[in-house]
Amino acid sequence: MTKWTLTTNFLARFFKSNHYLVISELGIEVESSTGKSLFKWEQIESPPSLGVSLTGSYLAFKIGGDHHHYSMLGFTDSFKRKHQLFPLWANKNAGRLDAFLSAIEIQCTTRYLRDSSIVRITDFVSKEFKRWHGWEEANGLSTKARETAETLCSINRWDQPELKRIRDEYISVQLEKYQMYFDNVESNPLTDKQRIACVTDNDNNLLLAGAGTGKTSVMVGRTGYLLKSRQAKPDDILLLAYGRIAALEMDERIKSKLHVENVKASTFHSLGMQIITEVEGTAPQLSPLEGDLKAKTQWMNNEIANLMHKRRYRKALLDYFSSYYFVEKDPFKFKSQGEYIKYLHDNDIRTLKGEQVKSFGEMVVANWLYRKGINYEYEAKYRIDVATHEYRQYEPDFYLPEYDIYIEHYGIDENGNAPPYIDSEKYRSGIEWKRNTHRKYGTGYVEVFYHQHRKGVMELALEEELQIRQVNAAQQSDDIVLNELEQMGQVIELARLFGSLVDMYKAAHLNDAGVKNVIKYSSDPKQTSKALELVMPLYQRYQEYLAEHGYIDFNDMISKSLDYVQSGKFKSPWKYILVDEFQDISEPRARLVKALRDNAENSSLFCVGDDWQAIYRFSGADVRLTTDFEQYFGTTSKTTLDKTFRFNSAIGSVATKFVTQNPVQLRKEISSLVELIHPAISIIRQGDEEQGISSLDKALTSISNLVAASKKTSENKVYLLSRYWHKLPDANYLKWLRQRYPTLNLENLSFHASKGKEADYVVILGLGSGKHGFPSEKQIPPLIEALLPQGDEFKHAEERRLFYVAITRARHKAYLLVDMTDPSDFILELMNNSYLVEVDEFDVSLVQLEAEKIICGSCKVGTLQPRSGKYGRFMSCSLFPRCKNKETQCDKCGSPMSRSIKEGFQVCIDSNCAYERPVCQNCGSEMKLRHGKYGAFWGCSTYRRNVEDNCSFKISC
């Protein structure tokens with residue numbers, strides 16, 4: 001047995017600090033005048049250090065955090081025995097360390113090595129490695145100590161490749177061990193990626209699952225695996241589904257596939273109810289308004305009616321309708337006049353009397369006149385015929401017939417400049433012409449300007465001008481104005497909007513500073529402030545209603561349960577949290593999930609989502625929680641399901657290429673079980689005005705023929721899909737279609753309602769442009785935009801994902817119905833950017849085939865559409881009445897004429913006809929073939945006999 005002594009030197013004896021240190025395999029025994037103490041090697045935290053100082057040698061070590069230091073020792077023994085301390089300490093401490101290292105080895109082979117475990121292990125090993133520093137050169141180490149040190153070094157060298165190897169080896173063992181289970185848990189054996197997702201069990205796990213890739217199978221498979229491998233008991237597992245129906249479907253799937261009764265899927269609201277009930281002892285009562293949009297809208301409408309008894313609120317409401325109901329966009333920021341007109345058209349911007357105006361400023365003027373009780377006519381023809389070659393008959397913006405006063409709203413800034421897409425010099429010349437005309441004929445005339453509106457002084461300026469002209473303003477009855485609004489459906493629409501705003505405001509949990517920031521950073525602070533002025537009294541009444549009846553709403557469920565979890569009042573019993581449809585989650589729900597994960601020791605989070613199908617931003621869903629999952633939850637293991645069981649490769653290639661035009665979308669390579677080389681998406685081009693069978697009939701007839709050819713006798717499900725329900729066949733038409741096509745199981749669904757479903761075929765309708773087109777061009781009110789999660793900067797990002805959802809509902813084929821005179825931008829993209837789509841499956845009319853050639857020559861945005869008037873048929877802009885351009889059809893065949901085929905001419909779009917007529921080189925108007933005493937000639941269509949400054953441009957034949 002090793003044993004040696006360290007004694008003090010002459011200095012210690014001089015200072016009477018004698019002590020003796022006996023070093024043995026048992027430990028370090030210290031003898032002094034006060035007695036003896038034995039410090040066992042197992043107690044000593046690190047190898048003792050034996051060094052030299054000015055007063056002699058010293059021995060130092062630490063036990064339980066206390067430092068032990070013995071100085072003034074002899075030099076000779078210290079130098080001779082210095083290297084014998086480490087092996088004595090290591091041989092005794094190897095056993096303790098070996099137990100920990102063995103536990104690490106067991107953990108690596110029996111459980112997935114989580115990131116949190118890696119942190120704990122590497123922290124411990126890093127500290128131990130410092131204690132064992134120099135073990136390679138030490139003599140006298142036992143076999144056990146040397147093996148322990150080697151294992152310690154091996155773990156200390158862990159890097160990412162090594163960690164991946166450990167995890168891959170674990171996964172491989174588990175897949176082999178539970179192969180039979182994964183082969184049989186679902187109707188078809190799980191794919192390799194599905195199995196890997198089931199057994200991967202990091203602290204945070206994200207499964208990215210494309211449409212039809214079997215994410216639900218993974219949810220079921222993972223649940224069963226955790227139970228079968230005894231890593232979890234049923235009570236350890238929390239399954240969260242986005243909606244009630246999805247939760248019920250998940251329950252049924254688990255029950256039928258796993259034969260387990262006590263693992264239940266919850267919605268977030270039922271989870272909130274459970275947490276609140278456990279903490280408070282009684283179940284809270286849910287407001288009957290929740291889940292009933294119609295009832296909630298009516299409640300909001302009634303409360304608005306009650307608030308309107310207060311003069312201040314009524315005035316604020318009417319002010320809002322007059323100037324802030326529609327989302328205003330700066331006309332100077334548009335690229336063209338046509339784009340601005342389309343913005344007005346798409347958002348259906350109208351006056352309180354329902355007139356479709358040509359600018360936002362005109363709407364404000366009209367509403368002010370109406371509320372002041374001043375009778376006006378919008379765009380009435382000037383009472384004196386002043387048409388010229390440059391101007392058609394003058395139509396001032398407003399006419400006050402009782403006072404013979406005309407009002408013009410000019411869209412210029414403080415410097416007299418028009419928007420950049422308008423010739424400012426010509427615009428100013430037009431203003432001068434109008435001023436001179438009124439002076440010449442002595443008609444009353446008032447001007448207001450856009451720059452006044454931008455500064456908020458236009459209405460005051462108008463009032464002052466009319467007072468000078470002794471125009472009597474008799475305030476219009478609020479009841480009359482509100483009745484007009486009700487007739488137009490705007491009050492009920494506002495109640496629906498305010499109901500959403502109340503919910504959003506509650507969900508945002510804003511304090512006073514938060515409210516100020518919402519206003520400050522809104523795209524339109526003034527409109528946002530005005531909206532909040534109306535919403536807050538409604539919010540207060542809603543809160544009072546809930547308190548009075550002892551109700552809570554869905555927002556309360558989330559916020560209260562989150563408070564209880566974060567405060568520790570609720571202790572989570574769940575070790576495994578599985579969340580379905582994670583891309584639809586809102587930030588407060590994500591916060592609740594995170595709090596539950598952190599509330600239970602060693603809990604694991606597993607989320608399944610598809611950022612390509614994130615379509616619920618309007619209800620608070622934040623796709624960034626999926627795309628930036630790791631930033632929010634921490635280091636994450638990601639798996640991607642790469643094989644779809646639903647749609648073929650032709651549908652998949654189009655859908656994938658289309659949705660990934662947005663660079664924010666996470667990249668996924670998804671293959672299909674069925675590979676096709678021909679298109680499986682067919683575009684049917686047909687307008688409503690065309691005779692013969694409808695495009696919907698064409699699609700359904702084609703599907704019927706495909707079904708007959710396949711000899712499929714079982715159910716042939718066909719979804720009729722649209723962005724908006726009102727674009728789908730009504731109940732009677734759908735009933736007739738079902739009778740007409742008995743082999744098809746037809747069902748109407750909106751794009752949103754179709755999510756999570758699948759059919760053999762889909763037919764997509766409503767693929768036009770504008771407010772109720774797709775993508776919708778309706779502007780989101782600034783307050784809603786401010787309260788919603790931040791959206792993608794990529795144009796129409798969510799609408800693009802919505803189109804992806806619609807297309808990928810189809811197993812075999814999708815039909816897209818479109819009128820090319822008013823096409824969706826998405827259809828144009830599919831047709832013009834090398835997508836694998838079929839465009840020639842059906843006959844196409846000349847107008848549909850050449851629609852891009854009949855763009856309005858005036859606004860350059862609308863398309864020319866056939867109309868009938870008292871003088872016969874003609875073509876007018878689809879943006880009428882804001883764009884009043886009219887053109888005549890081909891004189892020979894009646895087809896539309898195009899200005900884009902040949903410069904300076906209108907040319908028939910029918911190449912078989914190719915009739916041409918020149919365009920007036922003076923004013924750009926159409927030319928008419930006329931006959932005079934010198935023969936035939938082309939004359940400007942605006943020519944009018946006996947009118948001053950008439951356009952008399954002619955071209956001889």
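One-based numbering along the sequence shown. Source: prediction; values computed, not measured.
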[Y] backbone acceptor or donor facing [X] side chain under 3.5 Å:
X	Y	answer
T644	A211	yes
N599	S572	yes
W89	I44	yes
Q665	V659	no
W574	S604	no
Q583	W612	no
S561	M557	yes
N184	M180	yes
N91	S142	yes
S270	S266	no

Taking all non-hydrogen atoms of both residues into account, name the closest pair between [X] and [Y] and its distance.
X	Y	answer
A247	A265	O-CB, 3.6 Å
L190	S217	CD2-CB, 4.0 Å
L59	P48	CD1-CB, 3.9 Å
Y242	D584	CE1-O, 3.2 Å
T627	V664	CG2-O, 4.1 Å
A797	N662	CB-ND2, 3.5 Å

[X] side, atom [atom1]; [Y] side, atom [atom2] - distance, nearest 0.5 Å:
X	Y	atom1	atom2	result
F129	I155	CZ	CD1	12.0 Å
R646	I670	CZ	CD1	10.5 Å
D792	D611	CG	CG	9.5 Å
T200	Y170	OG1	OH	9.0 Å
L605	N202	CG	CG	10.5 Å
T626	E581	OG1	CD	10.0 Å

Counting C-beta onward and ignoring hydrogens, is there a side-chain heavy-atom pair between [X] and [Y] closer than 4.5 Å?
X	Y	value
T109	V173	no
E25	L88	yes
L258	V185	yes
K36	V30	no
L641	L207	yes
L50	L6	yes
T223	Y576	no
N205	R222	yes

Test: [X] and [Y] ion pair at under 4.0 Å:
X	Y	answer
D235	K233	no
R624	D628	no
K571	E278	no
R165	E169	yes
R195	D183	yes
D610	K215	no
E252	K255	no
D192	K643	no
E147	K144	no
R96	E128	yes

Take D203 and F633 through the test side-chain contact (heavy atoms from CB on, under 4.5 Å) and record every step on the way to the result.
-> CA-CA 9 Å; D203 304 285; F633 290 98; over 6 Å; no

Mark yes when over 12 heavy atoms from residues, nucleotides or ligands other than [X] sit less than 6.0 Å from its [atom1]; otherwise mark no.
X	atom1	answer
D159	CG	yes
E105	CD	no
Y20	OH	no
K755	NZ	yes
E675	CD	yes

Parallel, tilted or perpendicular: which fits the ring planes of F582 and F629, with parallel below 30° and perpendicular above 60°?
-> perpendicular

Look at the rings of H68 and Y70 and say which category their plane angle falls in: under 30° parallel, 30 to 60° tilted, over 60° perpendicular.
-> parallel

When you look at L592 and V565, which way does the side-chain contact (heavy atoms from CB on, under 4.5 Å) test go after all the steps?
-> CA-CA 8 Å; L592 177 58; V565 174; 4.1 Å; yes

Just by distance, with hydrogens left out, do Q231 and Y225 show a side-chain donor and acceptor under 3.5 Å apart?
-> yes

Regarding Q174 and E176, is there a side-chain donor-to-acceptor distance under 3.5 Å anywhere?
-> no

Run the side-chain contact (heavy atoms from CB on, under 4.5 Å) check on V125 and W158 step by step: do they pass?
-> CA-CA 10 Å; V125 167; W158 274 1; over 6 Å; no

I would like to know whether I104 and L101 meet side-chain contact (heavy atoms from CB on, under 4.5 Å); could you show each step before the answer?
-> CA-CA 5 Å; I104 293 175; L101 298 178; 4.1 Å; yes

For A103, side chain to side chain contact (heavy atoms under 4.5 Å, CB included) partners two or more places apart = none

For residues 106-118, which residue pairs qualify under salt bridge (Lys or Arg N to Asp or Glu O under 4.0 Å), counting only residues two or more places apart or in two chains?
-> R114-D201, D115-R167

Can you pull the salt bridge (Lys or Arg N to Asp or Glu O under 4.0 Å) pairs that have at least one residue in residues 589-601, sequence neighbours excluded?
-> E587-R591

